[in-house]
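Chain A is the first sequence line, chain B the second, and so forth, proteins listed ahead of strands; every chain is numbered from 1.
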Amino acid sequence: MPETTYREAVRDAMSEAMRRDESVFIMGEDIAEMGGSMGVTQGMLDEFGPDRVRNTPISEMAIVGAGIGAAMAGMRPIVEIMYQDFTTLAMEQIVNQAAKHRYMSGGQLKVPLTIRTQGGAGWSPGAQHAQQLEAWFVHVPGLKVAFPSTPEDVRNLLYASIYDDNPVIFFEHRTLYGLKGDVPEEIEPVEFGKARIHREGEDVTVVATGRLVHEALAAAEEAEGEGISVEVLDPRTLLPLDEDAIVASVEKTNRCVVAHEAVVRMGFGAEVAAIVQERAFDYLDAPVGRVGAKFSPLPFAPIMEEYVVPHARDVLAAIKKTVGKN
Amino acid sequence: MPETTYREAVRDAMSEAMRRDESVFIMGEDIAEMGGSMGVTQGMLDEFGPDRVRNTPISEMAIVGAGIGAAMAGMRPIVEIMYQDFTTLAMEQIVNQAAKHRYMSGGQLKVPLTIRTQGGAGWSPGAQHAQQLEAWFVHVPGLKVAFPSTPEDVRNLLYASIYDDNPVIFFEHRTLYGLKGDVPEEIEPVEFGKARIHREGEDVTVVATGRLVHEALAAAEEAEGEGISVEVLDPRTLLPLDEDAIVASVEKTNRCVVAHEAVVRMGFGAEVAAIVQERAFDYLDAPVGRVGAKFSPLPFAPIMEEYVVPHARDVLAAIKKTVGKN
Amino acid sequence: MATAEKKSHALAPDTLKDFLREMLLIRRFEEMVEERFRAGELPGFLHVAIGQEAVAVGVCRALDDGDVIASTHRAHGHTLAKGTHPNELMAELYGKIEGCSHGYGGSMHLYDVERGNLGANAVVGGGLPAIVGSALAFKLRSEPRVAVAFFGDGATNIGTFHESMNLAQLWGVPAVFVLENNHYAESTPAKQQLPIDDLTKRADAYGMHAMKIDGQDVEVVYHAAKKALKHARDGKGPVFLHVETYRLTGHYIGDPQVYRPKEEVRELRRTQDPVEKLRSALELPDGEWEAMEREVAEIVEGSVEFAKAGTDPKPEDALKNIYA
Amino acid sequence: MATAEKKSHALAPDTLKDFLREMLLIRRFEEMVEERFRAGELPGFLHVAIGQEAVAVGVCRALDDGDVIASTHRAHGHTLAKGTHPNELMAELYGKIEGCSHGYGGSMHLYDVERGNLGANAVVGGGLPAIVGSALAFKLRSEPRVAVAFFGDGATNIGTFHESMNLAQLWGVPAVFVLENNHYAESTPAKQQLPIDDLTKRADAYGMHAMKIDGQDVEVVYHAAKKALKHARDGKGPVFLHVETYRLTGHYIGDPQVYRPKEEVRELRRTQDPVEKLRSALELPDGEWEAMEREVAEIVEGSVEFAKAGTDPKPEDALKNIYA
Ligand SMILES: Cc1ncc(C[n+]2csc(CCOP(=O)(O)OP(=O)(O)O)c2C)c(N)n1
Ligand SMILES: Cc1ncc(C[n+]2csc(CCOP(=O)(O)OP(=O)(O)O)c2C)c(N)n1
Ligand SMILES: [Mg+2]
Ligand SMILES: [Mg+2]
């Protein structure tokens with residue numbers, strides 16, 4: 001499958017795993033006949049049947065919890081939470097249960113559960129359907145957190161998540177589902193904790209996640225025109241995090257900007273900034289700049305929504321500020 | 001009431017508000033006859049009766065949500081979540097509802113709700129009864145977050161929270177309930193977003209919260225003996241945050257350590273480090289050091305728990321590292 | 001029961017005509033919303049309640065001033081029936097400052113606090129606990145007010161429903177829980193999400209007074225709602241009002257409905273349209289009907305004009321209204 | 001029903017003696033835990049189930065190999081009855097590597113996966129959804145295994161209970177929900193937390209098969225559990241087993257129980273002690289009883305010695321077992 005969309009890539013990773021073994025199955029709201037609210041699971045019911053592509057009631061706690069129980073009993077379930085905003089309903093199961101069973105049992109159990117969810121603004125659904133909450137999960141030992149930004153990465157990382165023996169929270173970005181890209185014929189599971197450098201550069205490192213990877217690449221293109229050479233790095237997994245790659249890049253460029261769609265305050269960028277200032281202190285020629293949503297719930301009116309969430313121009317502004325050309 | 005405990009101070013703030021007006025009441029599990037699992041509400045049932053000191057079923061979502069609804073209908077409810085770990089059950093109501101009603105209604109509503117909760121390790125309850133999760137809430141526009149560390153502050157800030165027209169998540173630290181301190185006769189509501197400098201110093205600023213304020217003070221004492229002059233600053237409220245006070249202090253000391261009991265990774269210290277490196281970049285002589293729990297769920301065995309959570313010695317080590325004397 | 005009730009308390013024809021007019025207004029309003037959405041004029045995520053108008057009108061007309069409601073993602077009907085002007089609703093859908101949520105909310109977050117609408121909620125079940133809390137406030141202050149929650153069959157599966165019903169009954173608060181059972185949660189039919197046939201039983205788990213009624217007959221809904229509200233207002237505790245209704249369209253605007261046969265929708269349209277039912281029950285002369293249609297069309301078109309002429313928020317307005 | 005059942009399937013006296021011995025072991029074990037806690041030897045937060053031993057033993061003895069359980073904060077009895085050696089349990093309470101959770105769990109997080117104990121849970125209701133999921137796995141793989149959840153009356157008020165019951169019944173998974181109704185949630189008596197008198201009704205909301213039994217009679221519990229397990233194992237769907245029982249002590253070790261009269265506890269101790277009940281039903285000669293007491297005392301004392309002689313984890317061990 002040379003060129004494929006992000007959406008197809010997600011589907012393909014699940015289907016491949018489900019073909020490979022019976023322990024993999026998927027549960028979620030409206031994932032069967034309807035193919036999921038984002039169309040990701042379309043066609044899977046026909047191939048795998050209702051036992052393995054299970055429509056569920058609206059019960060976020062119970063479906064995550066059922067995933068945990070099935071995982072503890074030897075399955076490799078995938079649970080879909082329709083919108084990331086609704087992970088708020090399942091926090092207890094994710095944080096107190098999935099993340100801790102292995103530890104509390106002193107290593108007797110494992111919980112090979114993948115929780116897929118999606119989110120992202122830019123389509124004006126209002127305050128409860130487009131939040132980016134990935135930072136919370138990075139604060140929870142026992143979880144792994146993935147947030148891929150390209151068709152190839154999403155396919156490889158999802159496959160790796162399914163076969164990871166730990167609970168993985170897998171973030172997809174709504175606006176990327178239609179994105180096309182080349183993917184290798186065979187799935188090549190990526191190791192968690194390995195960043196991808198999308199573009200090499202000399203003057204500043206932009207650490208970006210999700211949609212902002214693409215905004216960062218667009219900003220880098222523009223910056224190039226203005227004589228600024230930008231390196232764009234996507235950590236791909238936030239937990240574990242490829243600190244070494246980030247630090248090595250900043251040691252080369254001496255400047256860093258971190259960009260995500262989530263609210264800046266207490267966002268993932270805070271952690272990156274804290275790490276970079278600590279580990280690359282002597283290399284930094286300017287403070288680490290942070291790009292993200294302004295401090296506000298997501299407003300409905302497109303004019304306001306557009307203002308709150310970050311775009312390429314915001315990354316560009318941060319790049320310029322960091323290299324001292326603002 | 002010259003000398004009082006942190007526990008009594010919490011109770012006194014609530015009782016004073018309840019005496020002052022009928023719109024204040026409290027709900028929570030086992031807060032009535034039993035006086036709360038930490039004894040904080042002891043005696044309040046007798047004074048205010050079961051309508052205003054309401055025992056609830058084990059229904060964290062519904063009691064927070066009922067608090068929201070009562071607040072929208074003109075009351076000033078206080079809801080107690082017995083352990084911070086159980087806020088995971090109420091995240092939907094806190095994050096999607098309490099924090100956003102005012103915004104989503106375009107300013108028509110207000111939600112003057114106070115959610116009190118407590119937590120903290122050091123007594124070996126295991127992984128689900130002592131987490132410190134305050135960082136999550138700092139990422140949520142629309143909420144206010146308080147985390148006082150002394151009897152005086154807890155009394156004044158709780159009173160201020162009750163009379164704040166916004167939803168406040170109010171963190172108490174379990175190990176501080178017995179702490180004694182002088183409090184003024186009259187409650188003096190503190191403004192949110194005003195830090196307290198507990199100790200002035202010249203060589204390094206320690207920004208600490210909750211129990212770690214006291215650990216930091218102990219560490220400062222020791223450091224003093226070794227010729228290091230430490231300023232200890234407690235932000236008291238994490239959202240809003242007194243950035244100016246932190247930055248001013250670091251501009252004076254040129255060094256900063258941030259300390260909390262929560263896990264370091266993606267903890268509140270990340271935000272402080274990110275702010276300090278950005279706003280005081282040119283003043284910093286060393287990277288901002290972070291002190292907090294090691295990256296692990298809380299283990300049961302005391303030997304391991306003691307190892308995971310931070311103590312004065314960890315703050316001291318960070319201080320020394322930061323001033324280059326390790 | 002429902003029919004007997006209806007006969008013995010028959011409403012005056014003028015009242016019923018007024019109900020019909022309101023239902024027709026909601027219908028035409030939502031059809032316009034569909035049209036404007038398809039024309040690319042409306043941003044966001046929209047769900048219409050075509051087929052469920054009798055529930056909104058029957059319940060909201062039974063309310064007293066001072067009663068409050070919480071609505072769902074399918075909120076236009078409730079909002080109009082609770083008294084928000086179509087202009088303000090349409091302006092909201094266009095993202096204008098004149099909108100009932102001043103452009104901050106959108107279709108799934110409609111508020112009109114002055115008129116007792118405490119907000120539509122895009123999280124299934126998300127609004128239920130607050131209704132218990134508002135009702136508790138009324139009870140604590142001895143105010144003769146009732147708090148009403150609308151929600152769907154899908155919502156009865158979520159934990160917030162359980163906790164809210166339980167707490168409401170335990171505390172005997174003046175709340176009415178209006179279940180709009182349209183037999184689907186998005187694409188998911190009853191048999192894939194509900195282990196029981198009769199959702200009325202859900203109230204038994206709390207010992208809550210329950211009623212089950214036909215939601216396509218506005219008169220039945222009105223009488224039942226009056227009864228339920230009286231029960232709650234009289235301090236007898238909350239009521240679970242199970243209303244059988246039908247969604248005559250897709251889940252959201254644009255839903256291709258691959259999960260149900262076209263024939264099902266056609267049949268429902270033929271037999272379960274509450275507007276048509278009331279119109280034929282009233283034996284409305286063609287002339288009167290057409291006049292009503294014209295009157296409603298004018299209001300709806302007026303609302304679009306009002307909305308389009310409305311004021312766009314400034315980008316920086318996004319940072320207002322976060323804190324009181 | 002329960003009594004008829006008991007008569008017609010009377011268990012052999014030796015079996016009952018074995019049950020008595022197990023119940024007595026749990027009782028003396030927990031009394032020792034109380035004593036050691038008060039002596040300052042045990043860290044953490046402990047809840048004993050004194051008075052509820054017949055539930056743990058009756059249910060666990062009815063299980064087949066391969067069946068799994070999830071327990072609660074009040075987990076010692078379930079854990080022992082499910083086969084964990086007292087040494088390993090006591091070692092866990094002392095925080096030793098030899099403990100059943102290797103010192104990582106503690107009293108509220110007891111695991112013994114080899115013996116089918118998937119873990120005690122300190123979050124009320126927290127373990128229920130996983131039981132549905134484990135049962136689902138058994139069903140998907142056509143294994144004749146049942147997953148059993150223990151929980152209290154207080155837990156029936158939380159959303160996870162509702163969602164789990166609903167899902168289990170909807171999917172017809174082989175699960176048994178054992179409600180240990182001891183009439184209190186911490187200090188909160190039934191009337192302050194439950195709007196209904198008979199919690200069996202909670203199962204009706206899902207159409208789940210329910211049974212209500214006397215939990216102070218181990219024979220009754222055993223027979224009922226056997227029936228419930230067979231129902232589930234035979235593919236007839238989950239069962240709600242409502243067991244009436246009594247907590248003869250405080251909620252946690254050290255609870256002064258200011259919320260209930262001393263007289264209530266005294267009366268319960270006199271009339272509802274399951275160990276005493278079985279002992280007198282069996283008309284055990286004093287000699288046999290004393291021998292049993294001695295045997296049990298030896299095991300319990302042995303467990304304390306074992307635990308004290310156990311290995312402390314190294315501080316850095318805390319960073320193990322986080323990831324697989
Ligand atoms: C907690 C939560 N889960 C999932 C969704 C996505 N969703 C929106 S509407 C809906 C179906 C709701 O069904 P029902 O309650 O019957 O209301 P109806 O749409 O039929 O009016 C779902 C699953 C949501 N909004 N909230
Ligand atoms: C979600 C949650 N809320 C509150 C608590 C605190 N708590 C521990 S046990 C308990 C009472 C449980 O009552 P019940 O389910 O009847 O079990 P019992 O203690 O009677 O065995 C409470 C409120 C908790 N552990 N988890
Ligand atoms: Mg529905
Ligand atoms: Mg109980």
From the list B/K294, B/M104, B/K100, the residue making the most non-hydrogen contacts under 4.5 Å with chain A is B/K100

Can you tell which part of B/V140 gets under 4.5 Å to a heavy atom of chain A, answering side chain, backbone, both or neither?
both

Looking at every non-hydrogen atom in both residues, tell me the closest pair between B/E271 and A/G267 and how far apart they are.
OE1-N, 4.4 Å

Show, in sequence, the C-alpha distance, side-chain angles and deciding distance for A/I275 and B/R290, and conclude whether the side chain to side chain contact (heavy atoms under 4.5 Å, CB included) test is met.
CA-CA 10 Å; A/I275 290 168; B/R290 290 192 283 166; 3.8 Å; yes

If one checks every heavy atom of B/L239 against chain A at 4.5 Å, the contacting part turns out to be side chain

Quick check for you: among A/P299, A/A99, A/G142, which has the greatest number of heavy-atom pairs under 4.5 Å with chain B?
A/P299

Closest heavy-atom contact between B/V95 and A/W136?
CG2-CH2, 3.7 Å

Just how far is it from atom CD of A/E134 to atom CE of B/M266, taken to the nearest 0.5 Å?
9.0 Å

Measuring from atom CG of A/L89 to atom CE of B/M61, what distance do you get when rounded to the nearest 0.5 angstrom?
7.0 Å

Under a 4.5 Å heavy-atom cutoff, which of B/V258, B/V264, B/D285 has the most pairs with chain A?
B/D285

B/F281 vs A/V288, side chain to side chain contact (heavy atoms under 4.5 Å, CB included): CA-CA, chis, key distance, verdict:
CA-CA 9 Å; B/F281 188 77; A/V288 180; over 6 Å; no

d(A/E92 CD, B/D85 CG) to nearest 0.5 Å is 9.0 Å

So OG1 of B/T87 and CE of A/M91: to nearest 0.5 Å the spacing works out to 8.5 Å

Exam field: side chain B/Q277 to backbone A/P287, donor-acceptor pair closer than 3.5 Å
no

Okay, B/F300 and chain A: the region with an atom under 4.5 Å from a heavy atom over there is neither

Name the one of A/Q131, A/Q128, A/H129 that satisfies side-chain hydrogen bond (donor to acceptor under 3.5 Å, both in side chains) with B/N96?
A/Q131

Which residue out of A/A127, A/A273, A/A262, A/A293 racks up the most heavy-atom pairs below 4.5 Å with chain B?
A/A127

For the side chain of A/H139 and the backbone of B/A135, is there at least one donor-acceptor N/O pair under 3.5 Å apart?
no

So do the side chains of B/L241 and A/R265 get within less than 4.5 Å of each other, counting heavy atoms only?
yes

So for B/F295, is it side chain, backbone, both, or neither that comes closer than 4.5 Å to the heavy atoms of chain A?
both

